[in-house]
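Data block below; observations after.
Quick caveat, the model's predicted, so the values are computed rather than measured.
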Amino acid sequence: MIYLVVFIYLLVFVVKFDINKKVDGANFTYNLLLVVFIAIAGLRYKVGGDSLAYYETFRDIPFLSDLFVYDFSETRYDPLWIVLSSISKTLIDDFAFFQIVHATIVNVIIFRFIKQNTQYRFTALFLYFCGSYLYFNMEVMREILAICVFLLGYSTFKEKKWFQFYLYAIVAFLFHSSAMILFLFPLFRYLKMNLIGISIILGFFYLSLFFDSLLKFGLFASRVTEKYDSYSGLELNIFGILYIFLFYVLIPIVIMYFDSKLGGEKSVFEELTFTYFFLAAIFLVMSGFGRFLNYITPFAIIYLGDFVNKILNDENLKRYRFTIVTLMLLVIAFPKIQYYLIDTSKIAQGTHQYNLWLPYSSIFTEEEYEYRNAIYQAGFE
């Protein structure tokens, strides 16, 4: 129920502040939503999949006094995750407190990034809540910290201040090894989706068909290759490849084409266009690369929010604008909807994938649902 209430209120605020362009109360509402987003994620109790694992392993996190003799090589987690967890545990030895700390860091940075990069901030929040909020706050808790470091350092990437950017990249890498992909971003920064850029993407796409082991060697971090192997074990058939091509390549191309035709302000984040399509192309044949697209997701959310409002503000589309936007968002959301509706009845009768997050349980009631752990564990079998 709590998710539905926030969903409805976000729609109301999109109409009020972004579509009708009301100003009074906008900043207060935005800050209030930040508190709500932090509270939902921070005060949850065993909600989510990966959260269950972090809940169990939190007891093994050392206190600060023991951190100097802690053997980081013996843990599967990255150093700064251990350090942050240790600081939190030393202050208050309760995973609930760590969740609040984590949710605060993540959402403050994401809210700040949205506010800095779009005038349609409530549309972006709506898309963030519907598409990535549960995933970022309750699943990839380590990786989102690395992504947030990238968001903090994005201006250095945009302005080509490479020394400063690589400092951010190193910090992100120490939070989660998947951030190694950031070390390649400056190389992509100089390429565009022209004939040369497309040729490079097709070349790497072709090489990835035959040199999977070479690319894995290029990941160089053991934690990355372990994760890569686990995700790449999900081999794609021709239908899976076509599915990824449709939703991660073709639909974005169509959106970018119509975005250019609508005119108006120049689209943001053009310097990441090549990076996105490069990763999406490799994702077609190497499923492990799909995780790297998480680093582009916050930018895609803002871009899509701006595009939605371009449609809503276009006089030529006035009669059909809400229908177009609704259908477009439903098409884009299809992979997420399909994922949440996966039938898990063979694991726990009458359940679906969405039962990892629904119903919501807070630290005040501590209601437990045994099927959550069963569904989560089944994902590794």
Practice problem: Indicate, with yes or no, if the rings of Phe299 and Phe113 have centres closer together than 6.0 Å. | Solution: yes
Practice problem: Show the numbers, then the answer: is there a salt bridge (Lys or Arg N to Asp or Glu O under 4.0 Å) between Asp259 and Lys310? | Solution: CA-CA 8 Å; Asp259 181 37; Lys310 275 189 179 182; 2.8 Å; yes
Quiz item: Given side chains that start at C-beta, do those of Met328 and Ile251 come closer than 4.5 Å, heavy atoms only?
Solution: no
Quiz item: Do other residues, nucleotides or ligands put more than 12 heavy atoms under 6.0 Å from the NZ atom of Lys21?
Solution: yes
Quiz prompt | Cys148 side, atom SG; Phe136 side, atom CZ - distance, nearest 0.5 Å | solution = 8.0 Å
Quiz item: Leu152 versus Arg112: any side-chain heavy-atom pair under 4.5 Å?
Solution: yes
Exercise. Check whether any side-chain N or O of Tyr133 sits under 3.5 Å from a backbone N or O of Ala41 as a donor-acceptor pair, and report yes or no.
Key: yes
Practice problem: Go through the side-chain N and O atoms of Thr297 and Ser132 and say whether any donor and acceptor fall under 3.5 Å apart. | Solution: no
Self-check item: Where Tyr295 and His176 come nearest, the two heavy atoms and their spacing
Solution: OH-O, 4.3 Å
Quiz prompt | Over 12 non-hydrogen atoms of neighbours within 6.0 angstrom of CG in Asp343 | solution = yes
Exercise. State yes or no: are the ring centers of Phe122 and Phe17 separated by less than 6.0 Å?
Key: yes
Quiz prompt | Leu329 reachable from Leu327 in the ILVMFWY side-chain graph, under 4.5 Å edges | solution = no
Quiz item: Counting only heavy atoms not in Tyr9, do more than 12 sit closer than 6.0 Å to its OH atom?
Solution: no
Quiz item: Can the ring centroids of Tyr340 and Trp357 be said to lie less than 6.0 angstrom from one another?
Solution: yes
Quiz prompt | Between CD1 on residue Ile255 and CG on residue Leu304, distance to nearest 0.5 Å | solution = 5.5 Å
Self-check item: Approximate separation, where rounding is to 0.5 Å, of Ile100 CD1 and Leu43 CG
Solution: 5.0 Å
Exercise. Taking the six-membered ring for Trp and the full ring for Phe, Tyr or His, determine whether the centres of Phe7 and Phe129 are under 6.0 Å apart.
Key: no
Exercise. Check step by step if side chain to side chain contact (heavy atoms under 4.5 Å, CB included) holds for Asp50 and Tyr376.
Key: CA-CA 8 Å; Asp50 287 357; Tyr376 171 68; 3.1 Å; yes
Quiz prompt | Common cluster, Val36/Ile8, ILVMFWY with side-chain heavy-atom separation under 4.5 Å | solution = yes
Quiz item: Any donor-acceptor pair under 3.5 Å linking the side chain of Tyr166 with the backbone of Phe183?
Solution: yes
Quiz item: So, for Ala169 and Leu182, which heavy atoms are closest and what is the spacing to 0.1 Å?
Solution: CB-CB, 4.1 Å
Exercise. Tell me, yes or no, whether the heavy-atom count around Glu368 atom CD, taken from other residues, nucleotides or ligands under 6.0 Å, exceeds 12.
Key: yes
Self-check item: side chain to side chain donor-acceptor pair (under 3.5 Å) partners of Tyr190, counting only residues at least two apart
Solution: Trp162
Quiz prompt | Short side-chain to backbone donor-acceptor contact, Ser85 and Ile61, under 3.5 Å | solution = no
Quiz item: Is a side-chain N or O of Thr118 found less than 3.5 angstrom from the main chain of Ile114, in a donor-acceptor match?
Solution: no
Self-check item: Side-chain (Thr90) to main-chain (Leu64) donor-acceptor, under 3.5 angstrom
Solution: yes
Self-check item: Six-ring centre of Tyr30, Arg121 cation under 6.0 angstrom, axis tolerance 45°
Solution: yes
Quiz item: Does a side-chain heavy-atom distance below 4.5 Å link Gln338 with Tyr243?
Solution: yes
Practice problem: Please find out if less than 6.0 Å separates the ring center of Tyr128 from that of Phe37. | Solution: yes
Self-check item: Donor-acceptor pair, side chain of Asn137 and main chain of Ala103, under 3.5 angstrom
Solution: no
Exercise. Show your reasoning for whether side chain to side chain donor-acceptor pair (under 3.5 Å) applies to Tyr339 and Gln353.
Key: CA-CA 7 Å; Tyr339 171 74; Gln353 192 75 14; 3.0 Å; yes
Quiz item: Which residues pass the side chain to side chain donor-acceptor pair (under 3.5 Å) test with Tyr371, sequence neighbours left out?
Solution: none
Exercise. Could you tell me whether the side chain of Asp94 and the main chain of Ala96 form a donor-acceptor pair under 3.5 Å?
Key: yes
Practice problem: Locate the shortest heavy-atom distance separating Phe277 from Pro252; write the atom from each residue and the value. | Solution: CZ-CB, 4.0 Å
Quiz item: Does His352 use its side chain to pair, donor to acceptor, with the backbone of Tyr354 at less than 3.5 Å?
Solution: no
Quiz prompt | Main-chain N/O of Leu84 paired with Ser88 side-chain donor or acceptor, under 3.5 Å | solution = no
Quiz item: In Å and rounded to the nearest 0.5 Å, what is the CG to CG distance from Asp78 to Leu145?
Solution: 10.5 Å
Quiz item: Would a 4.5 Å heavy-atom cut-off, applied to side chains only, mark Leu187 and Leu184 as touching?
Solution: yes
Quiz item: Mind checking whether Phe163 and Phe165 sit in one hydrophobic cluster, side chains of I, L, V, M, F, W, Y counted as touching below 4.5 Å?
Solution: no
Quiz item: How long is the gap from CD1 on Ile170 to CZ on Phe175, to the nearest 0.5 Å?
Solution: 14.0 Å
Quiz item: Is it the case that Lys89 places NZ or CZ above or below the six-membered ring of Phe58, under 6.0 angstrom from the centre and within 45 degrees of the axis?
Solution: yes
Practice problem: To the nearest 0.5 Å, tell me how far His102 NE2 sits from Ile38 CD1. | Solution: 12.0 Å
Quiz item: Below 4.5 Å, heavy atoms only, C-beta onward: do Tyr120 and Asn313 meet side chain to side chain?
Solution: yes
Quiz item: Under 6.0 Å between the ring centres of Phe274 and Phe185?
Solution: no
Self-check item: Derivation and outcome, side chain to side chain donor-acceptor pair (under 3.5 Å), residues Thr344 and Asn355
Solution: CA-CA 9 Å; Thr344 54; Asn355 288 120; 5.2 Å; no
Quiz item: Is it the case that one hydrophobic cluster holds both Ile332 and Leu330, taking links as side-chain heavy atoms less than 4.5 Å apart, direct or via other members?
Solution: no
Quiz item: Is the shortest distance from a Lys or Arg side-chain nitrogen in Arg321 or Asp314 to a carboxylate oxygen in the other one below 4.0 Å?
Solution: no
Practice problem: Indicate yes or no for a side-chain donor-acceptor contact from Tyr276 to the backbone of Tyr248 under 3.5 Å, with no hydrogens or angles considered. | Solution: yes
Quiz item: Ser51 and Arg44: side chain to side chain donor-acceptor pair (under 3.5 Å), yes or no, with the steps?
Solution: CA-CA 10 Å; Ser51 291; Arg44 73 188 188 277; 2.8 Å; yes
Exercise. Evaluate whether atom CD of Glu370 has more than 12 neighbouring non-hydrogen atoms of other residues, nucleotides or ligands under 6.0 angstrom away.
Key: no
Practice problem: Look at the side-chain heavy atoms of Ile, Leu, Val, Met, Phe, Trp and Tyr, link any pair under 4.5 Å apart, and say whether Leu10 and Val35 land in one connected group. | Solution: no
Self-check item: Flag side-chain contact, heavy atom, 4.5 Å: Ile82 against Leu67
Solution: yes
Quiz item: Ring centroid separation for Phe98 and Phe95, is it under 6.0 angstrom?
Solution: yes
Exercise. May I ask you to say whether Lys46 pairs ionically with Glu366, meaning some side-chain N is under 4.0 Å from a carboxylate O?
Key: no
Quiz item: Is the closest side-chain heavy-atom distance between Asn294 and Glu143 below 4.5 Å?
Solution: yes
Exercise. Verify the neighbour count for atom NZ of Lys318: are there more than 12 heavy atoms of other residues, nucleotides or ligands below 6.0 Å?
Key: no
Quiz item: Does some side-chain heavy atom of Pro298 sit less than 4.5 Å from a side-chain heavy atom of Leu151?
Solution: yes
Quiz item: Does atom OH of Tyr320 have more than 12 heavy-atom neighbours, drawn from other residues, nucleotides or ligands, at distances under 6.0 Å?
Solution: no
